Amino acid sequence: MEKLSLRELSEGLKARKFSSVELTQFFLDRLEKYNLSINAFISIDKDKSLAMASRSDSIIKEGKQDYLTGVPIAQKDIFCAEGWKTTCGSKMLDNFISPYDATVIRKFNEISAVNLGKTNMDEFAMGSSNETSYYGNVKNPWNIKNVPGGSSGGSAAAVAAMLAPAATATDTGGSIRQPASLCGLTGLKPTYGLVSRYGMIAFASSLDQAGPMCHSAEDCAAMLNVMSGHDSKDSTSIEREKENYLNGIKDPIKGLKIGIPKEFFSEGLDPDVEKIIEQGINEYKKLGAEIVDISLPNNHLSIPVYYVIAPAEASSNLSRYDGVRYGYRTKEYDDLMDMYCKTREEGFGDEVKRRIMIGTYVLSAGYYDAYYLKAQKIRRLISEDFSKAFKKCDVILGPSAPSVAFPIGDKKEDPLKMYMQDVYTISTNLAGLPGLSMPAGLINNLPVGMQLIGNYFSEAKLLNIANVFQMNTDWHRLSPKGFE
Ligand code: GLN
């Protein structure tokens, strides 16, 4: 059962091969058996999940089943879910029970999918290894000595170890695609504005976007069908007609123009990863795609630009955690200022503090022009590189991350090394474009992700291109040993 696709689960529920309660119980049992070894979840609430499953069963009986009705889905702990502890991986929110649902959660509730639990993550989604979580690091199911990637490492580990059929995740600079890459999954970061950010705890608002983390492109399409859509509660949500991402997912890709950016194949890329991406390119050639060389000349500026803009936005977003309204408050203090300071000193971890300090610095009156304004200008240049590239090709292909999963502790003390994990993903967020990572091979039994970047709102096309690859290869079907 743990290996069934979302379509197979949906069909099984419809044909009453199993009920949602049985299916949910099955995954809860797996959670009990395996979660301790990988630490993928922060909150599990069996009674709540089973109550939701039982409601789903009644809906299925009434014949009102939607594709994902009754299917258990793991939710990244960045999404507010009514009555659930919602921590964002931080001590600051350790006591926070959300009084409302994020729009993404509401959409899953509306079709009566089951919330299987809240997944572990880097604190406030800042990190690439899940080592900044207040709840301890997550382990990579492919090798538990290694990191699963981050910040959506809990979602990635949960799906890779088959503790959940699918999960939600978020991506501000790579947090869906890099963990998907390191855990052998298919993950999609949609176009900025396609999925509502309402109730999704803010890190860097102009970059944050939610998306699915699954075994296959087809599963991602089914998840995106639920997650996407306009929301009046998010002023950056785009008003456009809702698509069915499963339509056309099998369309032939003959004649497709795939752009290969030379900047994605330069220093810093593990030569073994490069070989696997080249095999992927050859597979696409066999499938009838045409390969064209392109250039993204400002890509090398994307990490420095991101580490000005994202901390600037984070420092503003995180000012709300002051011990007054909700969340953690220090126990003993002299006056109001002392309370603010101690609360933030004790409630935030080191990486979050580092970002707040960088953010307030680059926004300060004396440095705003030199850093923040300049970064915004370069951000525009990075977007323009993509516009030019899409005149020559339909989709861009490259690695998702420079290496396979690295050992826990390896980069923790060196933030610059850690930041390099997102060198192929961050420019997509800066431009607001959609990007997908899918498994394309193994190195020493560790998965390698291949990335596809599309033009705005080309999710259906990206999922189609990834699905055709998956119809002809088996990389996405491999699973780590020890979780059978
Ligand atoms: N690794 C990047 C960071 O630490 C991206 C994180 C994300 O996408 N949420 O900021």
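Sequence positions, counted from 1, serve as the residue numbers for this chain. Keep in mind that this is a model prediction, so the values were computed, not measured. Indexing begins at 1, ligand by ligand and atom by atom, following the structure's order.
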Sequence neighbours left out, what pairs pass ring pair (Phe, Tyr, Trp, His ring centres under 6.0 Å) with at least one residue falling in residues 173-227?
Y100-Y198

Tell me the ring pair (Phe, Tyr, Trp, His ring centres under 6.0 Å) pairs involving residues 406-443, sequence neighbours left out?
F264-Y424, Y307-Y419

Name the residues with a heavy atom less than 4.0 Å from ligand 1?
A125, M126, G127, S128, S151, D171, T172, G173, G174, S175, F203, Y306, Y307, R355, D422

Are the ring centres of Y321 and F96 closer than 6.0 Å?
no

Under 3.5 Å, is there a donor on one side chain and an acceptor on the other for S427 and N299?
yes

Going by distance alone, is a donor N or O of one side chain under 3.5 Å from an acceptor N or O of the other, for S205 and N317?
yes

Using side-chain hydrogen bond (donor to acceptor under 3.5 Å, both in side chains) as the criterion, list what pairs up with R355, not counting sequence neighbours.
E351

